[in-house]
Amino acid sequence: MAKNLLIVESPAKAKTIEGYLGKDFLVKSSYGHIRDLVKTDDAIDTANNFEQKYEVPADKKAVVSELKKLAKSAETVWLASDEDREGEAISWHLYETLNLKESSTKRIVFHEITKPAILKAIEQPRKIDFNLVNAQQARRVLDRLVGFELSPVLWKKVKPSLSAGRVQSVAVRLLVDREREINKFEPEAAFRVVAIFFTEENKKELFKAELSKRFATINEAEKFLNDCIPASYHVKSLETKPSKRNPAAPFTTSTLQQEASRKLGFSVARTMTVAQRLYESGKITYMRTDSVNLSDTALQAAEQEIRSAYGDKYHKRRQYKTKSAGAQEAHEAIRPTYFNQHTIEGDHSEKRLYELIWKRAIASQMSEAEFEKTTAKINISTRNEEFTASGEVMKFDGFLKVYFESTDEESEVNLEESDDNALLPPLRNGQQLGLKEMTATERFSRPPARYTEASLVKKLEELGIGRPSTYAPTISTIQNRGYVVKEDREGKQREYNVLTLGHGKVNTTKKTEITGAEKSKLFPTDIGILVNDFLVEHFKDIVDFNFTATVEKEFDEIANGLKEWTAMLHNFYGPFHKEVTDTIENADRASSERILGTDPQTGKQVSVRIGRFGPLVQIGSADDEEKPVFASLRSGQMIETITLEEALELFKLPKKVGKYEDKEMTVAIGRFGPYIRHNNAFYSLPKGIDPMDVNETQAIEIIELKRKKDIEKVIKTFDENPEARIEQGRWGPFIRFGKQNIKIPKDKDVDKITYNDILQLAESDKSNTGTKKKVPAKGKSKTAKKK
DNA sequence: CAGTGAGCGAGCTTCCGCTTGACTT
């Protein structure tokens, strides 16, 4: 038996450390927290100094009993969980649960998993810091009280099974607020003037310059262009300035999620699972961190790699400081374990994420990129405004050799508008310029951007809300609760004017652009808005953006021994609990109903609200003699924004359009867009056809076309049974057998499949799915009933 | 992808943070 048992939080970490410490040490993992509050309402005794009831959850029983056994036979137990609030509490829970003795227990901490750091830690053991433990208890108890008192209020006043919490409710609020800003935003148009010039010396080398002023109306823009017809242009001033750009700090969890989203299109959850695999296979350091710090060992390794791969002048040693509030910095920044591995073996997403991490970490230790920026001001002989042309020349690439950090704005900006780094021809002061062409283009101001998963994480981090380990789960929770959906939305067409001055005259043309199209953005749902408004009305303090920051300050005071944790909770809980009981007693049920107006055909009231099956429009009210009629809202339509006209439109479908093969054809709009229903089959309408105008002949055409296409997909049929065939699917050929779709096994040649093979495959496929359904997902019914 | 939109009411839902698998598709 080993003399020493050392316990860390993560098994991968345990493996690494065991290698550093040799035979006298057995290194094991607690797999995070080993105890939690019981799930019942009596977990906290609010009348008795917030005394807590803890239990070891079922999935931790095995870990705990193994650790217990090992602790018993060890001379010394080293508690080496992370050095932050949660880590300290884990040590304390271990101490209590494993029945450890003070004399044979040592608490150690380190911020990086390197041999010198571990050895040094072992030389400096300490005791469990109960101030820190108390700060964690205060955090844990407060979160439980908030979550388990607010949620039942929602069950009573809104709908069962809803949830509220310190973190998730603020996340939803951010989205609701932003959605409203976007809805009320009114774009302002302005005419942006761009001229294309050339010099007498070289008429072929054209360059762009932008007018320093934009015009609010088309008349002003037109007058300007007309004034420019007889004008001459010359360089009024010329300025050349050096500029520098510095690399970004190495990744934290939040910045990794943002870059992986922008550059690789990963959801935050996907980023974390891929990173977890990289961590477990020893390729990167820990991926849940808020620290931008690199260990000395890492700094040296990076330096060596940069000097040998790119040369001495590309290296610059840099230390970064964290900017985010409430960072606990128990770990290093996310970095490759070995800097000399530029790429790794693994699947596609592992490779790409690793390269991103490698590049970012390496670049963070490289020299700045140097530029020379030239700005020329250009005079107009007939007007007082002036044009500005600018060009940028890179003098030294520095860190840009490996890494370029993207920004959220970047994807928003029109490419035509970002020609900042274009090259300028050689120019001199006073030089005459020729004008090739000038355009005044109508541009509209943009509403604030909708959040993506990653930009929401960024915002939460800025507000100090949530932790690296909870960003991805929080984003999932608000989607699973139905408060938020992630989806694409089609934009709308918009006309804009372009005035062109060329060949001595001004032309006006109208062009169209798509605006407001969204890809993979977060939208609050009707229920999300309803719950948010209810919470904002009745629990203003809890969903305040500064609530977390305020309580965090108090947790810090507890951690520093300046405040008593139960006193802090008393202060909070008294008024909070009173608000809860007041709300239960006095507040009205939250109503989503909005009256849109009256139906011109029947004179009855038109209203929208959330029904049992989602948002609906209702014509007439329950008090009327005639029963009210209903229609569901379509995806993208919301109670808050739908108009009377749009609501009435919903009653025009489904519509019968005629008969084909003696069966009725019906046009309707479903979840995947407009479709024709015929003989229990669905035929989606091609894009651009308005479902309201479809007539009988058109509908028949669409059905016949789809059938023809379906026939083209068939690769092979079988005489034995017309129900069996091989078809070309989206991902390759597959077998269709009645209603069964069967995958073709890899070892089978598509051409040689016989009807007998199909019968066999169909049978085993059936038994497969059969047993799958019979085995219930144990303990995780939540994920199963997601739909 | 249709249709649904009543009412009664037992028993259930729910938080945030720290960790991985063991399950699906």
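We use all heavy atoms of the structure for the numbers below, so side chains are in, but hydrogens, waters and symmetry mates are not.
When rounded to the nearest whole Å, the span between CZ of A/F572 and C1' of B/dC15 equals 12 Å. Straight-line distance from the CZ atom of A/F50 to the P atom of B/dC15: 21 Å, rounded to whole Å. Atom CD in A/Q618 sits about 13 Å away from atom C1' in B/dT4, given to the nearest Å. A/F148 has its CZ atom 12 Å from the C1' atom of B/dC12, to the nearest Å. Note: NZ (A/K15) to C1' (B/dT20) measures 14 Å, nearest angstrom. Summarising the geometry, the separation between CZ on A/F630 and C1' on B/dA6 is reported as 11 Å, rounded to the nearest angstrom. At whole-Å resolution of the value, CG in A/L650 and P in B/dG5 are 18 Å apart. Rounded to whole Å, atom C1' of B/dA2 lies 14 Å from atom CG of A/N679.
Within 4.0 Å (heavy atoms only), A/S81 reaches no atom of the nucleic acid at all.
Taking the 5.5 Å centre cut-off and the 30° plane limit, the aromatic side chain of A/W155 is not classed as stacked on B/dT14.
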Give every pair of a protein N or O atom and an N or O atom of nucleotides 16-19 of chain B that lie under 3.5 Å apart, one pair per line with the distance.
unit_1 : atom_1 : unit_2 : atom_2 : d
B/dC16 : OP1    : A/V167 : N      : 2.9
B/dC16 : OP1    : A/Q168 : N      : 2.9
B/dC16 : OP2    : A/Q168 : NE2    : 3.3
B/dC16 : O4'    : A/D143 : OD2    : 3.3
B/dC16 : O3'    : A/R166 : NH2    : 3.0
B/dC16 : O2     : A/R139 : NH1    : 2.9
B/dG17 : OP1    : A/R166 : NH2    : 2.7
B/dG17 : OP2    : A/T470 : OG1    : 2.9
B/dG17 : O4'    : A/R139 : NH2    : 3.2
B/dC18 : OP2    : A/S469 : OG     : 2.8
B/dC18 : O5'    : A/S469 : OG     : 3.4
B/dC18 : O3'    : A/E9   : OE1    : 3.2
B/dC18 : O2     : A/H33  : N      : 2.6
B/dT19 : OP1    : A/Y286 : OH     : 2.3
B/dT19 : OP2    : A/Y286 : OH     : 2.8
B/dT19 : OP2    : A/R288 : NE     : 2.9
B/dT19 : O5'    : A/Y286 : OH     : 3.3
B/dT19 : O4'    : A/G32  : N      : 3.4

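Taking the side chain of A/P160 as heavy atoms from C-beta on, and the options B/dA2, B/dC15, B/dT13, the nearest nucleotide is B/dT13.
Below the 3.5 angstrom threshold, one finds no donor paired with an acceptor across the side chain of A/S163 and the base of B/dT14.
Partner A/K28 forms a salt bridge (Lys or Arg N to Asp or Glu O under 4.0 Å) with one of A/E66, A/E18, A/E9 and no other, that one being A/E66.
Shown here are the side-chain hydrogen bond (donor to acceptor under 3.5 Å, both in side chains) partners of A/E280, two or more places apart in sequence or in another chain: A/Q276.
By the 30° and 60° cut-offs, the orientation of the rings of A/F576 relative to A/Y573 is tilted. Ring orientation note: the planes of A/F572 and A/F547 are tilted relative to one another, at an angle of 30° to 60°. Between A/Y675 and A/F682, the ring planes lie perpendicular to each other; the angle is over 60°, past the 30° to 60° tilted range. The aromatic rings of A/F130 and A/W92 stand perpendicular to each other, their planes meeting at an angle above 60°, with 30° marking the opposite boundary.
Separating the P atom of B/dT24 from that of B/dT20 is a span of 23 Å, rounded to the nearest Å. Separation of the C1' atoms belonging to B/dT13 and B/dG9 is 16 Å when rounded to the nearest angstrom.
Comparing A/P152 and A/M287 along DNA chain B, the residue whose closest nucleotide (by nearest heavy atom) sits nearer the 5' end is A/P152.
Checking the phosphate oxygens (OP1, OP2) of B/dC15, a side-chain nitrogen or oxygen of A/R481 falls inside 4.0 Å. The side chain of A/Y675 contributes an N or O atom lying less than 4.0 Å from OP1 or OP2 of B/dA2. Proximity of A/R277 to the phosphate of B/dT20: no side-chain N or O atom is located under 4.0 Å from OP1 or OP2.
A salt bridge links A/R139 with A/E86: the closest approach of a Lys/Arg side-chain nitrogen to an acidic carboxylate oxygen falls below 4.0 angstrom.
For the pair A/R677 and A/Y683, the NZ or CZ position fails the cation-pi test of under 6.0 Å to the six-membered ring centre and within 45 degrees of the ring normal.
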